[in-house]
Amino acid sequence: MSVSGMSGYDHKTIEPRWQDRWQQQDAYRVGIDKSKPKYYVLDMFPYPSGVGLHVGHPKGYVATDIVARARRMMGHNVLRVMGWDSFGLPSERQAEREGTHPRDVTDRNVATFKGQLQRLGLSYDWSREIATSDVGYYKWTQWIFLKLFEKGLAYEADVPVNWCPALGTVLANEEVKDGVYIETGDPVERRSMRQWMLKITDYAESLLAGLDDLDWPEGVKEMQRHWIGRSEGASVKFSVQDSTDSVEVFTTRPDTLFGGTYLVLAPEHPLVTSVTTAKQADAVQAYCVEAANRSDRDRQSDAPDHTKTGVFTGSYAINPVNDEPIPIWVADYVLMGYGTGAIFACPAHDDRDFEFARQFGLPIIEVVAGGNVDEAAYTGPGPHVNSGFLDGLDEADAKRKIIDFLEANDAGTGTVNYRLRDWLFSRQRYWGEPMPIVHPELADGSRGAPRAVTESELPVTLPDLTDYRPTEDGAPPLARAAQWMHTIDPETGEALLRETNTMPQWAGSCWYYLRFISPNRDDVAWDPEDEAYWMPVDLYVGGAEHATLHLLYSRFWQHVLHDLGLVSTREPFQRLFNQGMVHATSFKDERGKYYYREEVKEAGDGFVNDAGEPLVTRREKMSKSRYNVVNPDDMCDQFGADSLRLYELFMSPLEDGGDWDNAGVLGMRRFLDRVWRLIMGDGTERDSGALTEAASSADVQRALHNAIRNVTEAVDTLKFNTAIADMIVFVNEATKAKAVSRNDMNRFLRILAPFAPHLAEELWQALGETNSIVAADWPEFDEAKLKSDTITIAVQVMGKLRGKIEVDADADKDTVLAAAKAEENVSRFLEGKTIRKEVFVPGRLVNFVAN
RNA sequence: GCCCGGAUGGUGAAACUGGUAGACACAAGGGACUUAAAAUCCCUCGGGGGAAACCCCGUGCGAGUUCGAUUCUCGCUCCGGGCACCA
């Protein structure tokens, strides 16, 4: 596959030339004239991994680049920036393997990424580049943490973590599966460790409410709503028989309390020991130990296929609605992390309770009519029965009445519960932000209560280390930096110990959109006036994989900052768009080994390897491990960045990923070659372009104005694939006509410029323009030019297409109907029939209903 | 299991609030130009029938609403993503 030899379009000289020129001219410097409207378009910034980019990554960047370039031409100040989410575990691991410092690894990876992005001609203002691992950046991450701490939203707590003894480190939930570390297979155990938590649960209601007005994909909003998981119900107090203890449970169905036949505590519930009778003590303890060894994740992930387990404590609780004693059980189908860690079970109307009751022979009492509770739990609607004063009521009324009853009898209240948990914010890792926290060093060498360092002590810089693994006793790696860890209070001289946990990778990405506003200021995190001008982000484009975590965490910080009066908007990202994942063909043999495209041969219908064994070909997500990545650098070499940019968006709608095909890039290259020839000719004597001073034909003009209209709309709707098709149609029309006016070509280059900036600039200058096309005005389309004198009307008989007629665009209904009836084929189908109905759709079709 | 998306030619895909299914591109085939090749330009390109005009069938499957359904409704199948004992 190669590009045309005769064409004068040589991307290898044009693209570097204009990239250099734009850089010299500072063409993408963000404007500061605040009288102009602003547009903040943001890409989810990447984690600079060691392997570099493949062609799937820049799809979103190209889309935002087109929006940015077009908006500049439309007269907006555009904030268009790029940075690096550069703290994180992979760099730390890579550094460990190479025996270098994570900072060096990071710098090298950033350089690779940046080089690849720059070749694509993306119009970032690189003077605003940031990296979360730079001291000048993380100083302000620490500053925000102080705000959270001061507001009581950061606290320490003992929580279970995934501890991997072999690696001597704590692992994230997503790194653990089936009790082992997914990468090495080393076993992971649960340990309770003191961890920093952020109280995101305080913002559950705020985060839920804020979603309504956001211009986000409905699916993402739904996922966040589900993640937050608001449920209304009641908290009910059950006193324990013959004891002063009482158990509090949360339920969304307080109306079924009369059907409560037992109570269940989570194995970790603090009352388990005190309610267990001496006779049951051994059994309960054995059960709890076993449950403790299974991680929360395991307990939950295999839940559906597992039969329920549990053990009776020996005691009874008193049901407050009827004073009946019901047994108290311990079972791991109740989770300590949700509600109160205890439930009352109503097996007749809850699937899980039903299964458990069946398993252990516990009674099942129907309290809502409508099902058959001997067969299965009934969760549908129906009148209450066997429920005393609730009998006959529907669910909503029964709930109201029972809550009134509970409140009147001091046995419970109506409450709201959330599925959302507090955010585990500390990591026992090196390559992250140190926490701006110190503890008094007590006489025995242990740590006292945490307190914040003063703002003037920021940044708390990350000390240099050579060994990044946690210490033998499980302390984070920063504990090795003894000199750094031991410090003194600058005012009192008190001995202090620095916090040795670092922040998770999410921290830096939580607020980077704010730092881009004033990236080079070291006196403030962001300038308040500039913040008020630029925020919120008008368009945020990135992968759907961040639907909950990153987007929820960022919103949380923004809400807190808004409550503190530090930012002007409550929501950070007004409009969100998820670009799709790019797929490519992969080749795999029976053993599951992958092959590169170059290693396989076509054979009949399929492909074989060198040994002639048939291979399975599949369309899979593009990734290094599947041997199906395409490097954007290769595409830039072969076809040029402009062709690559066009293909990224032409291949499919932005929200669908699409299947990569190098031949498609060639197709875009052919299109650009035709654009070149229209203006420059093919380099031979007999053809020196198609430009005329006279006006283009009506057909050519119609195609041009249609393209202008659709490209203009696409800047807003992001439907670039069809916009590009319309530009192609114009170029095909103009090529066929062999003549197009200089003026029209001038207009066309301006709508092409956001897509293929290098070629457009080259040809723009060839037309005699002296200012850069980057700063040219956006062309308007002329509605009148879109209309044609005649239109084609489809003619149907009984809903089937029988002919087409050509009529004047302004022909009235009677004229059109007459012409339709006269059409040869149509008249044949109408012959001998009576027309019962004439359907007339102006400008489109007529349909005769006849029999 | 639950929630959210999808399914259209050999391929990626178009089709605006129900109105000419397959724009545009890739691949394939044919032709022109050329000593030849590349490039370029032109033609064909959902399936079947027919010399042609045209006809029949066709948007995952099965029903329905309608003059008319890729589009709306109901019931399925398959694929992708998310959540998964959340009381």
Side-chain angles (χ1 to χ4, degrees), chain A residues 2-7 217-220 222-223 225-227 229 231 233 249-253 256 264 299-306 308 331-335 337-346 350-353 355-356 417-421 544-545 547-548 578 580-581 583 621 646-647 650-653 655-668 670-671 673-674 677 682 684 687 713 719 721-722 724-729 732 735-736 792-804 824-825 828 836-841 843-850:
Chain A
S2 71
V3 298
S4 67
M6 292 281 274
S7 163
E218 264 322 303
V220 176
E222 254 333 292
M223 276 165 67
R225 287 192 188 105
H226 183 243
W227 194 264
S231 47
V249 306
F250 173 73
T251 176
T252 54
R253 293 297 301 271
T256 63
V264 187
R299 262 168 66 179
Q300 289 172 37
S301 64
D302 54 15
D305 356 292
H306 252 247
K308 296 216 175 351
D332 70 358
Y333 84 92
V334 172
L335 307 170
Y338 182 77
T340 60
I343 61 156
F344 89 89
C346 177
D350 181 284
D351 293 322
R352 297 151 301 188
D353 298 343
E355 198 195 321
F356 190 83
N417 227 305
Y418 300 92
R419 219 173 69 101
L420 186 68
R421 313 285 164 86
E545 65 274 18
T548 44
N578 294 127
M581 191 121 55
H583 293 235
K621 183 180 155 185
L646 277 165
Y647 181 63
F650 180 73
M651 63 191 287
S652 67
E655 62 271 31
D656 304 338
D659 289 325
W660 190 266
D661 180 7
N662 286 352
V665 188
L666 177 63
M668 293 300 102
R670 287 186 191 132
F671 160 59
D673 278 327
R674 284 199 291 278
R677 281 194 299 269
D682 62 11
T684 63
D687 184 3
E713 281 174 10
K719 292 182 176 169
N721 54 334
T722 48
I724 293 169
D726 289 327
M727 287 197 286
I728 296 172
V729 169
N732 291 351
T735 300
K736 209 179 293 183
T792 307
I793 301 282
V795 185
Q796 298 181 341
V797 178
M798 297 302 288
K800 278 183 186 281
L801 184 71
R802 296 303 178 193
K804 293 178 186 180
E824 204 186 322
N825 201 43
R828 238 175 30 148
R836 305 285 169 192
K837 191 174 173 185
E838 293 169 341
V839 181
F840 175 68
V841 183
R844 291 207 166 262
L845 63 61
V846 296
N847 183 17
F848 297 111
V849 184

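Scope of the values below: all heavy atoms of this structure, side chains included, with no hydrogens, waters or symmetry mates. Protein chains get the first letters and strands the later ones, always in sequence-line order, with residue 1 at the start of each.
- Of the candidate nucleotides B:G12, B:A87, B:A84, B:A84 has the atom lying nearest to any side-chain atom of A:Arg419.
- Between A:Asn578 atom CG and B:G5 atom P the separation is 14 Å, expressed in whole Å.
- In terms of position along RNA chain B, the nucleotide closest to A:Gly219 lies nearer the 5' end than the nucleotide closest to the other residue of the pair A:Gly219 and A:His226.
- A:Glu222 comes within contact range of no nucleotide atom at all, as no heavy-atom separation falls under 4.0 Å.
- B:U73 is paired with B:A63 under the Watson-Crick or G-U wobble criterion, all donor-acceptor distances under 3.5 Å.
- In terms of the side chain to side chain contact (heavy atoms under 4.5 Å, CB included) criterion, residue partners of A:Arg253 (sequence neighbours excluded) are, by chain and number, A:Thr251, A:Asp255, A:Thr256, A:Val368, A:Glu395, A:Lys399.
- In this structure, A:His583 atom NE2 and B:C79 atom C1' are separated by 11 Å, rounded to whole Å.
- With its glycosidic angle more than 90° from 0, B:G81 adopts the anti conformation.
- Of the P atoms belonging to B:G60 and B:U71, the separation is 8 Å, rounded to the nearest Å.
- In this structure, the side chain of A:Asn825 engages the main chain of A:Arg802 through a donor-acceptor pair within 3.5 Å.
- The minimum heavy-atom distance linking A:His226 with A:Arg419 is given by the pair O-NE, 3.1 Å.
- At the phosphate of B:U20, OP1 or OP2 sits under 4.0 Å from a side-chain N or O atom of A:Arg844.
- Distance A:Met223 CE to B:A84 P: 10 Å, rounded to the nearest Å.
- Across every strand in view, B:A37 sits unpaired, with no contact that passes the Watson-Crick or G-U test at under 3.5 angstrom.
- Pair assignment for B:C26: B:G10, on the basis of Watson-Crick or G-U wobble contacts that are both within less than 3.5 Å.
- B:G30 and B:G49 are spaced 23 Å apart, taking the C1' atom of each and rounding to whole Å.
- Among residues two or more places apart in sequence or in another chain, the salt bridge (charged side-chain N to carboxylate O under 4.0 Å, His left out) test is passed with A:Asp659 by A:Arg619.
- Taking the ring pair (Phe, Tyr, Trp, His ring centres under 6.0 Å) definition, one finds that A:Tyr647 meets it with A:Trp660, sequence neighbours left out.
- Rounded to whole Å, the separation between the P atoms of B:A21 and B:G6 comes to 24 Å.
- For the P atoms, the distance from B:A69 to B:G1 is 35 Å, rounded to whole Å.
- Nucleotide B:C16 forms a pair with no other nucleotide shown, judged by Watson-Crick or G-U wobble geometry with both contacts under 3.5 Å.
- Distance, A:Lys621 NZ to B:G82 P: 9 Å, rounded to whole Å.
- Using a 4.0 Å heavy-atom distance criterion, A:Trp227 is classed as a sugar-phosphate-only contact.
- Between the P atom of B:A14 and the CD atom of A:Glu713 lies a distance of 16 Å, rounded to the nearest Å.
- Looking at heavy-atom distances under 4.0 Å, A:Asn721 makes contact with sugar-phosphate atoms alone, never a base.
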Inset, instruction - May I have the step-by-step check of side chain to side chain contact (heavy atoms under 4.5 Å, CB included) for A:Asp353 and A:Tyr333, ending in yes or no? - result: CA-CA 9 Å; A:Asp353 298 343; A:Tyr333 84 92; 2.8 Å; yes
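- Residue A:Ser231 is classed as a sugar-phosphate contact, given heavy-atom separations below 4.0 Å to backbone atoms only.
- In this entry the distance linking CG of A:Leu335 with P of B:C83 reads 16 Å, nearest Å.
- Residues meeting the side chain to side chain contact (heavy atoms under 4.5 Å, CB included) test with A:Asn732, sequence neighbours left out: A:Arg674, A:Ile728.
- Nearest heavy atoms, A:Ala331 versus A:Phe356: CB-CE1, 3.6 Å.
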Inset, instruction - Carefully, step by step, assess A:Ile793 and A:Lys804 under the rule side chain to side chain contact (heavy atoms under 4.5 Å, CB included). - result: CA-CA 6 Å; A:Ile793 301 282; A:Lys804 293 178 186 180; over 6 Å; no
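- Using the Watson-Crick or G-U wobble rule with both distances under 3.5 Å, B:C85 pairs with nothing in any strand shown.
- Shown here are the side chain to side chain contact (heavy atoms under 4.5 Å, CB included) partners of A:Ser652, two or more places apart in sequence or in another chain: A:Lys59, A:Asp656.
- Across B:A38 and B:A23, the matching P atoms stand 27 Å from one another, rounded to whole Å.
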Inset, instruction - Classify every nucleotide of nucleotides 53-59 of chain B by which part a protein heavy atom approaches to under 4.0 Å, writing B for the base, S for the sugar-phosphate alone and - for neither, in 5'-to-3' order. - result: -SSSS--
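- Contacts of A:Glu222 classified as side chain to side chain contact (heavy atoms under 4.5 Å, CB included), with partners at least two apart in sequence or in another chain: A:Arg225.
- Remark: A:Glu838 pairs with A:Lys821 by the salt bridge (charged side-chain N to carboxylate O under 4.0 Å, His left out) rule, at least two apart or across chains.
- Summarising the geometry, the separation between NZ on A:Lys804 and C1' on B:U20 is reported as 5 Å, rounded to the nearest angstrom.
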Just the atom pairs and distances: protein N or O near nucleotides 24-26 of chain B's N or O, under 3.5 Å.
residue : atom : partner  : partner atom : Å
B:A25   : OP1  : A:Asn732 : ND2          : 3.0
B:C26   : OP1  : A:Arg670 : NH1          : 2.6
B:C26   : O2'  : A:Asp661 : OD2          : 3.4

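- The gap from the P atom of B:C54 to that of B:G68 amounts to 24 Å, rounded to the nearest Å.
- Base-pair partner of B:G50: not found among the strands shown (Watson-Crick or G-U wobble, both distances under 3.5 Å).
- The residue among A:Ala794 and A:Ser652 whose nearest nucleotide of RNA chain B is located toward the 5' end is A:Ser652.
- Nucleotides B:U8 and B:G12 place their C1' atoms 12 Å apart, quoted to the nearest Å.
- Residue A:Leu646 contributes atom CG, which lies 21 Å from atom P of B:G12 at whole-angstrom precision.
- The separation of B:C45 from B:G22, taken at their C1' atoms, amounts to 12 Å, rounded to a whole angstrom.
- Contacts of A:Asp659 with the nucleic acid, taken as non-hydrogen atoms under 4.0 Å apart, involve only primed sugar atoms and P, OP1 or OP2.
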